[in-house]
Amino acid sequence: MTSPADHAQLRAELDTLTTEAFRPELADIDRRSTLDIARTMNAEDATVPAAVAERLPEIAAAIDAAAARMARGGRLIYAGAGTAGRLGVLDASECPPTFNTDPSDVLGLIAGGPAAMVTAVEGAEDSKDLASEDLTAAKVSDMDTVVGISASGRTPYAIGAVEHARSLGALTIGLSCNAGSALAAAAEHGIEIVVGPELLTGSTRLKAGTAQKLVLNMVSTLTMIRLGKTYGNLMVDVRASNEKLRARSRRIVALATGAGDQEIEAALRSTDGEVKNAILTLLGDVDAPTAARLLDAADGHLRAALQAALPH
């Protein structure tokens, strides 16, 4: 059980965090009109991309390092508690339909397990040991990249995940929203997006959450671009699991090749619906088995496979 002294120490610690700072100029916000509050909140949100922009070199360096690990067969693993953990799970869950990754390639770990996605799990974020257990269960190795996510930068679960992963030789990234954070210090790549105090004191699902979402979008998207999951700005590894995505697959092939509907249908049939392969059969004028072989030899990079298919 936490003692009064522990509570006092935690309160003093929170008082030093920018994300927890009180803004007296907003103390009357509940008395303002809804439109005025909305304008204030919108203006606050507009400052987030600029804060992210200040850290782009660090973000890019972390992404290049993560992509290099994944190219050798490693995984991308997010670890966080509360909102930060949910954002990691969200980003991970969107990679299979967007980039046709195996569900095990990008993982989201949240303190307290899947139930914590919708219900707070008491004390889970306070345990470094729980993070170590979760990473052990995920069989983290030196091939992997582990991204600890915490708005405060002091969450024990996120720090514990990074410390445990680093002890195994995994690449580690610490994403927080306070300068001089323990999380960034624990990681090989520290990324601190300082967005300032929140509209509602300490509600880090707001600007801090938005900043984390923007950075995680970059981490997964740019990593997949580096891995050849796109052709230009087209999602050529999209998995057509529903009617909308099947229509998108056809549109992507059309945009990449300029082919007509009948050619596109024939190409997708011959490649069992694989967009990247279908594009290669059309642009490279090769059959489906050859397209598959060329893509395999090029580690899935369509541009490289296309260069190999075309006569020099």
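Count residues from 1 along the sequence. On a predicted model such as this, the values are computed, not experimentally measured, just so you know.
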| With hydrophobic residues grouped by side-chain heavy-atom distances under 4.5 Å, do Ile191 and Val194 end up in a single group? | no
| field | Ile59 with Ile149, same ILVMFWY side-chain cluster at under 4.5 Å | value | yes
| At what distance, to the nearest 0.5 angstrom, does OH of Tyr78 lie from OG1 of Thr145? | 10.0 Å
| field | Backbone of Gly228 reached by a side-chain donor or acceptor of Lys276 within 3.5 Å | value | yes
| Hydrophobic cluster identity match, Phe99 and Leu295, side-chain contacts under 4.5 Å | no
| query | Does Ala131 offer a backbone N or O that forms a donor-acceptor pair with the side chain of Asp134 under 3.5 Å? | reply | no
| Crowded around Asn242 CG? As in, over 12 foreign heavy atoms under 6.0 Å? | yes
| query | Between the side chain of Arg69 and the main-chain N/O of Asp142, is any donor-acceptor distance below 3.5 Å? | reply | yes
| message | Do Arg23 and Thr201 have side chains that approach each other closer than 4.5 Å (heavy atoms only, starting at C-beta)? | response | no
| query | Quick one: are Leu90 and Lys213 in side-chain contact, heavy atoms under 4.5 Å? | reply | yes
| request: Mark yes or no for whether Thr155, through its side chain, and Ala158, through its backbone, hold a donor-acceptor pair below 3.5 Å. | output: no
| field | Stepwise side-chain contact (heavy atoms from CB on, under 4.5 Å) check, Ile29 with Leu199 | value | CA-CA 9 Å; Ile29 197 167; Leu199 182 88; 3.5 Å; yes
| Got Thr47 and Val195 here, is their nearest side-chain heavy-atom distance under 4.5 Å? | no
| Sub-3.5 Å donor-acceptor pair from the side chain of Thr271 to the main-chain atoms of Ala267, do we have one? | yes
| message | Under a plain distance cut-off of 3.5 Å, with no hydrogens placed, do Ser127 and Asp129 share a side-chain donor-acceptor pair? | response | no
| Approximate separation, where rounding is to 0.5 Å, of Asp45 CG and Lys207 NZ | 8.5 Å
| task | May I ask you to decide whether Glu58 forms a salt bridge with Arg55, counting only side-chain N to carboxylate O separations under 4.0 Å? | result | yes
| message | Checking side-chain polar atoms at under 3.5 Å, does Glu192 have a donor or acceptor matched by the opposite partner on Ser181? | response | yes
| query | Under a 4.5 Å cut-off applied to non-hydrogen side-chain atoms, are Leu268 and Arg250 in contact? | reply | yes
| message | Between Met218 and Thr223, is there a side-chain heavy-atom distance shorter than 4.5 Å? | response | no
| field | Donor-acceptor pair, side chain of Glu198 and main chain of Ala208, under 3.5 angstrom | value | yes
| query | Does Val219 share a hydrophobic cluster with Val146, counting links as ILVMFWY side-chain heavy atoms below 4.5 Å and allowing steps through other members? | reply | no
| task | State the OG-CG distance between Ser270 and Asp287, to the nearest 0.5 angstrom. | result | 8.5 Å
| request: State whether the side chain of Thr281 and the backbone N or O of Ala278 hold a donor-acceptor pair below 3.5 Å, judged by distance alone. | output: yes
| query | With no hydrogens and no angle check, is any side-chain donor or acceptor of Arg72 less than 3.5 Å from a backbone partner on Ala67? | reply | no
| query | Does any N or O in the side chain of Asp144 come within less than 3.5 Å of the main-chain N or O of Arg75, such that one atom is a donor and the other an acceptor? | reply | yes
| message | Would you compute the distance between atom CG of Leu130 and atom CG of Leu135 and round it to the nearest 0.5 angstrom? | response | 9.5 Å
| field | Test item: Thr40 and Arg32 side chains (from C-beta on) under 4.5 Å apart, heavy atoms | value | yes
| note | Correct closest heavy-atom pair for Ala256 and Leu283 would be O-CD1, 3.7 Å
| said: Applying side-chain contact (heavy atoms from CB on, under 4.5 Å) to Leu107 and Leu76, what does each step give before you reach the verdict? | reply: CA-CA 6 Å; Leu107 299 177; Leu76 178 62; over 6 Å; no
| same_hphob_cluster(Val236, Leu227) at 4.5 Å side-chain heavy-atom cutoff | no
| field | Minimum-distance pair of heavy atoms, taken over all atoms of Leu280 and Ala309 | value | CD1-CB, 4.3 Å
| query | Are any non-hydrogen side-chain atoms of Met224 and Thr230 less than 4.5 angstrom apart? | reply | no
| field | Between CE on residue Met41 and OG1 on residue Thr34, distance to nearest 0.5 Å | value | 12.5 Å
| said: So which atom in Val52 and which in Val215 form the shortest heavy-atom distance, rounded to 0.1 Å? | reply: CG1-CG2, 4.3 Å
| Does the side chain of Val253 come within less than 4.5 Å of Leu282's, by heavy atoms? | yes
| query | OG1/Thr19 to CG/Asn178 distance, rounded to the nearest 0.5 angstrom? | reply | 3.5 Å
| field | Pair Glu243-Arg248, salt bridge (charged side-chain N to carboxylate O under 4.0 Å, His left out): steps then yes or no | value | CA-CA 9 Å; Glu243 285 303 320; Arg248 180 178 290 167; over 6 Å; no
| said: What verdict does the side-chain contact (heavy atoms from CB on, under 4.5 Å) test give for Val238 and Ser249, after you've listed the backbone C-alpha separation in whole Å, the side-chain angles of each residue and the deciding distance to 0.1 Å? | reply: CA-CA 7 Å; Val238 66; Ser249 295; 3.8 Å; yes
| request: Decide side-chain contact (heavy atoms from CB on, under 4.5 Å) for Asp91 and Asn217; before the verdict, give the C-alpha distance in whole Å, the side-chain angles of both, and the deciding distance to 0.1 Å. | output: CA-CA 7 Å; Asp91 199 72; Asn217 281 351; 3.8 Å; yes
| request: Assess whether atom CZ of Arg166 is packed by more than 12 heavy atoms of other residues, nucleotides or ligands within 6.0 Å. | output: yes
| message | Please give me the minimum heavy-atom distance between Ala170 and Val140, naming the atom from each residue. | response | CB-CG1, 4.2 Å
| Are the side chain of Ser167 and the backbone N or O of His164 linked by a donor-acceptor pair below 3.5 Å? | yes
